[in-house]
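Values below: all heavy atoms of this structure, side chains included; hydrogens, waters and symmetry mates excluded.
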Amino acid sequence: MLESSILEGLNPEQRRAVEITEGPLLVLAGAGSGKTRVLVHRIAYLVGVCGIPPEQILAVTFTNKAAGEMRERVEKLLGPDAHGLWVTTFHSACVRILRRDAGHLGFSRGFAIYDEDDSLSLVKEALRRHGKDPKVEDPRRLRWRIDQWKNKGWLPARAAEAAHDLESEEAADLYATYQRLLVESNALDFGDLILQTTQLFERFPEVLAHYRRRWNYVLVDEYQDTNRVQYELVRQLVSEHTNICVVGDPNQSIYAWRGANVRNIMDFEREYPDTQVVKLERNYRSTRAILEGASQVVANNETSGDLRLQAQREGGEKIRFFEAADDREEAAFVVRQILATIRREARSPRDFAIFYRTNAQSRSFEDEMLRYDVPYTIVGGMRFYERAEVKDALAYLRVALNPADAAALRRIVNAPPRGIGKTTLERADLLAQQHGVTLLEGLHRFAASGEAGRATNPIREFSMLIDDLAREVRTRTPSDAIAHVLQRTGYLKQLEADGTPEAEARLENLRELVSAAEDFSVESADPDSEPRTATELFLDQVALVSDVDGWDRRAERVSLMTVHSAKGLEFPFVYVVGLEEGIFPHAASSRDAAGLEEERRLFYVAMTRAMERLTLACARERRRYGSRTFGVPSRFLREIPESLIEGSLPREQRGAPAGEASLDYEHAQTEYDETGSEIPKGMRVRHAVFGIGTVLDVQGRGPAQKLRIRFDRVGVKTLLLRFANLEPA
DNA sequence: TCTGTAGGCGTTTTT
DNA sequence: CGCCTACAGA
């Protein structure tokens, strides 16, 4: 491997970050400064130039998407030499480690991974066992507290130690019960994946020694978003050789609410003596006004990283701003802008992204996208694997593979309805507790006791069903296993009998699940990992998917997502919407100074995604929970120097006269007025998205006028003239 | 045990 | 507003 080909195209700082291979290295990488590039080339350099065997390198990121891209790019540089390299997420890495050695901690290798829902059902169970009313105690709050403890690396004992009032003591107590329930279910929640791994390393030094010997070089991406227990995990792995390279940007720390601790990156130099620091301050992504505006905003934070970003791109336009009368107009404006830009500047829909603070805001944009026939994709929101029918199908697999999985069992014991209701389950559970057996075994014994009444037969049949599945699932491919489950359980039959559009949608989702399972391929197994069936690996993967993982940058669609999901991405045209007090910054997180600063960093992240054109929007009025609310423009807008903004910002007072404060450049209204004239049948027209077509038919008059058009590429479509943005071809 | 409906409640962001 | 839960009736 030629050294020059790996270092080629790197600027001097990037090059330094690649060449310092030994000892602790802190890379402070500003937005758009090429940090992924550095990570990729660093790995390639270690292997290709320094001759480090790839299996000695561990690179950790936060999303599978980021990991996948990094692995891909490394493989492109190294080819087959990359074999044995671990480029993965914290959570996946821990799962692989725990699959091997979780036995030490009282879990079996087949442990389940609990998502938020599963974990919540266990929290409720813990509350019940403490005789608490879930209505008074709010299980979600308790789950949240437990999660925060885990993020700090606290076991129940430590939480109890820190408790200084009755309420906290009870909560710590409940944490202990919850943890016991997890062990009984042979399950770990998200927080456990990391926490239990650190426990494993702490209590079993020979296990830790194994991995210490293995990984001589560790790289961590997005280090500003690591929490305490992740910090601890990294420290355990590298404390001897300290070949640790972390990359991050304190200004992009946006996960404190989830337990991330910026101190990890701020104090890195103190934690690791002799740290070398590289700053990447050249921004290759954004034009000047965008970068300057974003920097000015984040400079308002009391604590901020001391990076001074320099725009490498010349020229460019100012930041745009639009104040809409209401949320509907906001959405209509943005979508029309996108259509007009696609048409006038010959751009693809994939060049555009709309970012909002909360998922709920996606709706109005989705409506407008549908209305204008703009292809779009929504990242996040209701995730595919969170749909009830999908979770049900997977829960059957889980029970088949891990009969102790109580949360999965509760999900499916009566889905479809088979006469095993709440009381039956409660009595079986009691029996299980008394005998110290699993819930499934409790059901079995309940039926055998002769006290189950009319539930006796349903339970017997259910037991046989699970036995059958346990046999079948192990020997089939993931997709066959799912198909078998859906067939054998009567789940399909029930949905087919239903016949409603909702049932049809669910069937469609299940077909989608089967095909996702078909596409699943077992990656070249690591020689270090335990052998597992493909279905087990499929379940692991599903448990750890993130919102952005499914996003495809090549798809010809406009992307809609929350700002959190947008981190790490870039688009030529970015719209940041809903810039009103209470929404962005969000009311719930701007209570204290720290929360507000995180909101500001979030806005900074949103702005710095834009490459060419950044448009900010807010609405004076908004429908929320079905009623109208009036908004005040976000304080963040005023933190951008006016000279960087085209036109003027809204006045500060609420209720400024309509139109006066808003700047309607591009004149969205006239956008369709100019095509508002009559279009004769047979005319050749051009549509921004569908291309050129022939008008077949004109229906109606005035604003409701519809056109049937046969497009050369995509066939016949019916469009509302007023929104179609047609022009003569 | 199952199904329909009326109220209540929520929204921050997520591996 | 729309989803989910709790509850009443069969």
Side-chain angles (χ1 to χ4, degrees), chain A residues 60-67 88-95 113-117 119-120 124 133-135 138-140 143-144 147 150-151 188-195 222 225-227 229-230 253-260 327 355-364 379-383 385-386 388 413-426 452-455 458 498 502 541-549 561-567 578 582-591 595 598-599 601-603 605-606 622-629:
Chain A
V60 188
T61 65
F62 273 85
T63 66
N64 299 300
K65 173 142 212 100
T88 182
T89 65
F90 270 107
H91 295 270
S92 304
C94 287
V95 168
I113 301 167
Y114 273 15
D115 69 6
E116 205 172 320
D117 268 6
S119 141
L120 196 64
K124 285 178 187 163
D133 186 351
K135 271 163 285 186
D138 192 7
R140 304 170 67 156
R143 202 204 75 84
W144 173 260
D147 196 45
K150 291 190 174 182
N151 287 334
L188 285 85
D189 63 20
F190 280 144
D192 268 346
L193 293 179
I194 320 282
L195 175 55
E222 305 281 16
D225 287 328
T226 52
N227 60 34
V229 66
Q230 285 160 336
S253 153
I254 55 173
Y255 284 105
W257 55 272
R258 184 170 95 177
D327 49 341
F355 301 151
Y356 34 76
R357 179 63 179 79
T358 68
N359 280 304
Q361 288 164 259
S362 69
R363 199 182 204 106
S364 52
V379 178
M382 184 57 167
R383 285 180 275 187
Y385 290 108
E386 280 171 11
V413 69
N414 211 26
R418 52 171 70 88
I420 307 178
K422 207 170 134 197
T423 20
T424 305
L425 207 58
E426 256 167 38
R454 63 176 169 172
D498 193 321
E502 291 79 26
Q541 193 208 40
V542 163
L544 300 175
V545 290
S546 76
D547 276 344
V548 292
D549 290 345
M561 65 186 88
T562 64
V563 183
H564 282 90
S565 294
K567 196 180 70 165
I583 295 180
F584 203 174
H586 199 279
S589 39
S590 28
R591 287 245 164 79
E598 178 147 312
E599 292 289 301
R601 288 192 295 272
L602 195 56
F603 186 49
V605 167
R622 192 174 285 278
R623 290 189 80 80
R624 263 184 118 188
Y625 301 142
S627 55
R628 299 190 325 169
T629 57

Worksheet, complete the sentence: Ranking A:Glu599 and A:Thr63 by the position along DNA chain B of their nearest nucleotide, the one closer to 5' is A:Glu599
Worksheet item: Considering residues, nucleotides and ligands other than A:Arg418, do more than 12 of their heavy atoms fall under 6.0 Å from its CZ?
Response: yes
Discussion item. Students often get this wrong, so: under 4.0 angstrom with heavy atoms, is A:Phe190 touching a base, only sugar-phosphate, or nothing?
Written reply: base
Worksheet entry | Whole-Å gap separating P (B:dT14) and CG (A:Asn151) | 15 Å
Worksheet, complete the sentence: Contacts of A:His564 and A:Pro417 projected onto DNA chain B by closest heavy atom; the upstream (5') one is A:Pro417
Practice prompt. Taking ring pair (Phe, Tyr, Trp, His ring centres under 6.0 Å) as the test, write out the residues that go with A:Phe90, two or more places apart.
Written response: A:Phe62
Fill in: Value in whole Å for how far the P atom of B:dT3 lies from NZ of A:Lys422
16 Å
Fill in: Euclidean distance, atom CG of residue A:Asp147 to atom C1' of B:dT15 [Å, nearest integer]
10 Å
Item to complete: Could you verify whether a donor N or O on one side chain and an acceptor N or O on the other, from A:Glu599 and A:Ser589, lie under 3.5 Å apart?
Response: yes
Practice prompt. Write down the distance separating the P atoms in C:dC4 and B:dT13, rounded off to the nearest Å.
Written response: 15 Å
For nucleotides 8-11 of chain B, list the nitrogen or oxygen atoms of the protein found under 3.5 Å from its nitrogen or oxygen atoms, one pair per line.
| residue | atom | partner | partner atom | Å |
| --- | --- | --- | --- | --- |
| B:dT11 | OP2 | A:Arg140 | NH2 | 3.3 |

Item to complete: Quickly work out the A:Gln541 CD to B:dT15 P distance and round it to whole Å.
Response: 14 Å
Worksheet item: For A:Trp144, which residues count as a ring pair (Phe, Tyr, Trp, His ring centres under 6.0 Å) partner, sequence neighbours excluded?
Response: none
Worksheet item: Touch check for A:Arg601, heavy atoms < 4.0 angstrom, all strands: base, sugar-phosphate only, or nothing?
Response: nothing
Response to the item:
Whole-Å distance, A:Asp117 CG to C:dC4 P, equals 10 Å
Item to complete: For B:dT1, take OP1 and OP2 only and decide whether either is under 4.0 Å from a side-chain N or O of A:Thr424.
Response: yes
Practice prompt. Take atom NZ of A:Lys65 and atom P of B:dT14, then tell me their distance rounded to the nearest Å.
Written response: 16 Å
Fill in: A:Thr358-A:Gln361 side chain donor-acceptor pair, cut-off 3.5 Å
yes
Item to complete: Mind running side-chain contact (heavy atoms from CB on, under 4.5 Å) on A:Tyr114 and A:Leu188 for me, showing each step along the way?
Response: CA-CA 6 Å; A:Tyr114 273 15; A:Leu188 285 85; over 6 Å; no
Practice prompt. Sticking with atom P, work out how far C:dA6 lies from B:dT11, rounded to a whole angstrom.
Written response: 15 Å
Discussion item. Taking only side-chain N and O atoms of A:Thr562, does any of them lie within less than 4.0 angstrom of OP1 or OP2 on B:dT12?
Written reply: no
Practice prompt. Could you state the atom-to-atom distance from CG of A:Leu602 to P of B:dT13 in whole Å?
Written response: 11 Å
Discussion item. Strictly below 4.0 Å, N to O, side chains only: are A:Lys150 and A:Asp192 in salt-bridge contact?
Written reply: yes
Fill in: Atom pair distance, as rounded to whole Å: CH2 in A:Trp144 and P in B:dT14
12 Å
Worksheet entry | Phosphate-side-chain proximity, A:Ser565 and B:dT13, N/O vs OP1/OP2 below 4.0 Å | no
Worksheet item: Between A:His586 and A:Trp257, does a ring-ring contact (aromatic ring centres under 6.0 Å, His included) hold up when you go through it step by step?
Response: CA-CA 13 Å; A:His586 199 279; A:Trp257 55 272; over 10 Å; no
Fill in: Presence of A:Ser627 side-chain N/O under 4.0 Å of C:dC1 phosphate oxygens OP1/OP2
no
Worksheet item: Ring-on-base stacking between A:Trp257 and B:dT13, under 5.5 Å between centres and under 30° between planes: is it there?
Response: yes
Practice prompt. Assign A:Asn414 to base, sugar-phosphate, or nothing according to its heavy-atom contacts below 4.0 angstrom with the strands shown.
Written response: sugar-phosphate
